[in-house]
Amino acid sequence: MNLILTKERLSEQVYRMRVRTPLIAAERQPGQFVILQLDTEFGERIPLTIVDSDVDEGSITLIFQVVGRTTHQLAGMEAGEKIANLVGPLGQPSEIHNFGRVVCVGGGIGVAPLYSIAKALRQAGNELVVVIGARSKELVILEHEMRALAGELIICTDDGSMGRKDLVTAPLKELCEAAPKPDRVVAIGPPIMMKACVETTRPFGVPTVVSLNTIMIDGTGMCGGCRVTVGGQTRFVCVDGPEFDGHQVDFEQMMARLGSYRAQERIAAEGCNLHDEALRKGLKE
Amino acid sequence: MSGRPPEELLAAARAEWARLEELPRPLKPRERLAIPPQDMPSQDPLERAGNMREVALGYYAEQARVEAERCLQCKNAPCVRGCPVRIDIPEFIAAIAEGRMAAAIEIIKRTSLLPAICGRVCPQESQCQAECTVGRSLKSVEKAVAIGRLERYAADWDREQGEAQIPETGPPTGRKVAVVGSGPAGLTVAADVRRAGHEVVLFEAFHKAGGVLVYGIPEFRLPKAIVRAELDTLQRMGVELRTNFLVGRTRKLADLLEKDGFDAVFVGSGAGLPKFLNIEGENLVGVYSANEYLTRSNLMKAYDRGHAVTPIHRAQRVAVLGGGNVAMDAARTALRLGASEVHLIYRRTEAEMPARVEEVAHAKEEGVIFHLLQNAKRILGENLKVTAMECLRYELGEPDASGRRRPVEIPGSEFIMPMDVVIVAIGNESNPLIARTTPGLEVDRYGRIITDEQGQTSLPRVFAGGDIVLGAATVILAMGEGRRAAAAINRLLAAGDA
Ligand SMILES: Cc1cc2nc3c(=O)[nH]c(=O)nc-3n(C[C@H](O)[C@H](O)[C@H](O)COP(=O)(O)OP(=O)(O)OC[C@H]3O[C@@H](n4cnc5c(N)ncnc54)[C@H](O)[C@@H]3O)c2cc1C
Ligand code: SF4
Ligand code: FES
């Protein structure tokens, strides 16, 4: 169980792994995630979205960016090794219907969870416009996979090394302004990007779903550490989410809670020189 | 809880034992009542507030025998009536008094599965010891025979004898039982059902088994090695443990019965849903549920800064809201994590605190500052981080439905205390996951699974017990419910119509 079948590097700090875990693969639905821990005694528990699953092979696909001690350690593991602890599938599955025309916006590593949802939306008959944002060309992931799903694919980079030199909100705004406006937007990425996206769609009244990646411990509703305020009410991301109506989410608070341990995490990640840089990147855009 | 150093307690017990040996046997009740109650040797309060080691060190052999001599061996044994699992208290105490330790533990184990744990965490002062004739005669529950400490002494003696005896298991029956949750209820069911020869798989959502015993109750009150030993015994009996398995998500409960070949399921999933106050500021950075705070420290070992990856805020001023065991554990953990001030805020008075008396005393000795008849009104912050808490004073009004005088707000009594961390420890409700994913499983309006006396739920072959049925309760009640449900499961499987 939890055997790493394949591992590949998608960009400088982003890896894709296929992991054998037949029960999770069988139950998993788009939008759900797993919690992973590498050391049973002292390791931390971190949530990762299940990007894809293969029931016949009994495997799931995970994509992660090296941002802290656990992801750094995971990146150092190879096919043939086993992940000590993996529990799931957790969270509510995505709401998948034929909405019509859906704009899927992914920023940085957020393209990975977005892919699983985009795939399901496409299968349900939606017409997709996919917007991918990244700092530069090297950091664009899943371009080919997304192209296969999308009627239209727009890539934005900060430095213009690929596609448009723009923030994702620029094409998103254009799409909202055009007639007919999109029936739905799904935006997944760094909190600051999701916040910018919901502010972009709000004036147009386009329903916008976001997927929140808060700090978690158990992932089963036991600790409340993942809580966020949505529409003035406290919700637990691990059991009520991870997807919420973006127009209702208190992003300021969510970002503050996400950053609660930054100083301590930096100490924990000593010896991992990618860490600070990764954090900066994760929060940029 | 005299705070006398352990050596002094030992010397006093030795002298007392020598005195008792001089007296003609059997001792007269009057003589027994004159024996001084034996205090629990404890780590020095100042020293222990800086470490995670167990606070209560356990009786010395001499103390155990002296304390056991205090028991009057009442014919009607009121203490047994106060014990949720009806341990034969006078009999095991008599065995200790006579130095027959093996017999003492054997008597306890007839009814209790986890004596080393219950001896440490049961609220004896409101159970067996509340009924004790000695306490009644001396007009103080605190002077009752220290049944819990004697139970712990016998269990610790047993563990120190080396390799635990593995209970015999009956011949294989070919029947298979799934136990969901590895807290005290689940552990008990697993043991009792396995003993009858059935195959048992114990499913646990976390990466470690033990339930609240492992993630909630801290090391300084219940060393994890004790829970580990119980789990080892279960595994050596042949119980299969599957951690990282969340029933309802990894597999639906119905699938266990219909597809995976289980003949019965026991649900002991506990009361793991933290309640919040729903006041302003509760989602600020630095506000924790006690579950989160304790899980970070205990299960994830955040107190061990050198090894653990999981962080926890090391705050100077910590407020804990609540008055139960959970609140005491959180407050005392905060001290051990280096807080300079820990404030415990409780709406009622100390008499109403649901915590064990010993925990309240320990918390005070260690320097937790108690604020009674006060409650948080809102939590204040700057840059979305906690900086202070606004409290309100209360006074006791008319008795409510529970007979306790209801605290009423004193208007205009608000005041502000600066704080870095606020821990909400006002209780837990039932985790709804299993009920939501199991059609036909009936729950009450608090989400607790409804069962009959035997633990039978609304679904055939599905049983439940412990906190998921009782609401946040106690270890001993969870164990007692587990015992009854296991007996029902064993009967069902023996009858062969499952
Ligand atoms: C901090 C704290 C201190 C306490 N102190 C005391 C005390 O001093 N004395 C006392 O008597 N009682 C005390 N209690 C209460 C006592 O611990 C509980 O009443 C008791 O543990 C309940 O046992 P249980 O077996 O029903 O559930 P739990 O111990 O809660 O165990 C339930 C287990 O089930 C697992 N689980 C839940 N859902 C699923 C699922 N869907 N699939 C798989 N596994 C699942 C959970 O992860 C957990 O491990 C305390 C509680 C807390 C939180
Ligand atoms: S009630 Fe007290 S004195 Fe009487 S048998 Fe029980 S423990 Fe002994
Ligand atoms: S992670 Fe603990 S409740 Fe969500």
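Each chain gets a letter, A, B and so on, in the order its sequence line appears, and its residues count up from 1. Predicted, not measured: the structure shown is a model, and the values here were computed from it. Keep in mind that the numbers below use all heavy atoms, side chains included, and drop hydrogens, waters and symmetry copies.
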Let me know if [X] has heavy atoms under 4.5 Å from chain B in its side chain, its backbone, both or neither.
| X | answer |
| --- | --- |
| A/M1 | side chain |
| A/L86 | backbone |
| A/R28 | neither |
| A/I35 | neither |
| A/A84 | backbone |

* Asked: Are side-chain N/O atoms of A/T234 and B/N283 paired as donor and acceptor at under 3.5 Å?
  -> yes
Looking at every non-hydrogen atom in both residues, tell me the closest pair between [X] and [Y] and how far apart they are.
| X | Y | value |
| --- | --- | --- |
| A/M222 | B/P274 | O-CD, 3.1 Å |
| B/L284 | A/R257 | O-NH1, 3.1 Å |
| B/F245 | A/V87 | N-CG2, 4.3 Å |
| B/Y288 | A/R227 | N-NH2, 4.4 Å |

Enter the distance from [X]:[atom1] to [Y]:[atom2] here, rounded to the nearest 0.5 Å.
| X | Y | atom1 | atom2 | value |
| --- | --- | --- | --- | --- |
| A/Q37 | B/M300 | CD | CE | 4.5 Å |
| B/N244 | A/N2 | CG | CG | 7.5 Å |
| A/D218 | B/H207 | CG | NE2 | 11.0 Å |
| B/L384 | A/E252 | CG | CD | 7.0 Å |
| B/R251 | A/I24 | CZ | CD1 | 12.5 Å |

* Can you tell which of B/D255, B/T250, B/L246 has the highest number of heavy-atom pairs within less than 4.5 Å of chain A? -> B/T250
* Asked: Quick one: do A/E27 and B/R249 make a salt bridge, cutoff under 4.0 Å?
  -> no
* Look at the side chain of B/S289 and the backbone N and O of A/G224, then say whether any donor-acceptor pair between them is shorter than 3.5 Å. => no
* Greater than 12 external heavy atoms within 6.0 Å of B/K176's NZ -> yes
* Asked: Near A/Q233 CD, under 6.0 Å, is it more than 12 heavy atoms from other residues, nucleotides or ligands?
  -> no
Per-residue contact mode, [X] against chain A (heavy atom under 4.5 angstrom):
| X | value |
| --- | --- |
| B/L273 | both |
| B/V287 | both |
| B/T295 | side chain |
| B/N278 | neither |

* Looking at A/I217, A/D250, A/D39, which has the largest count of heavy-atom pairs under 4.5 Å with chain B? -> A/I217
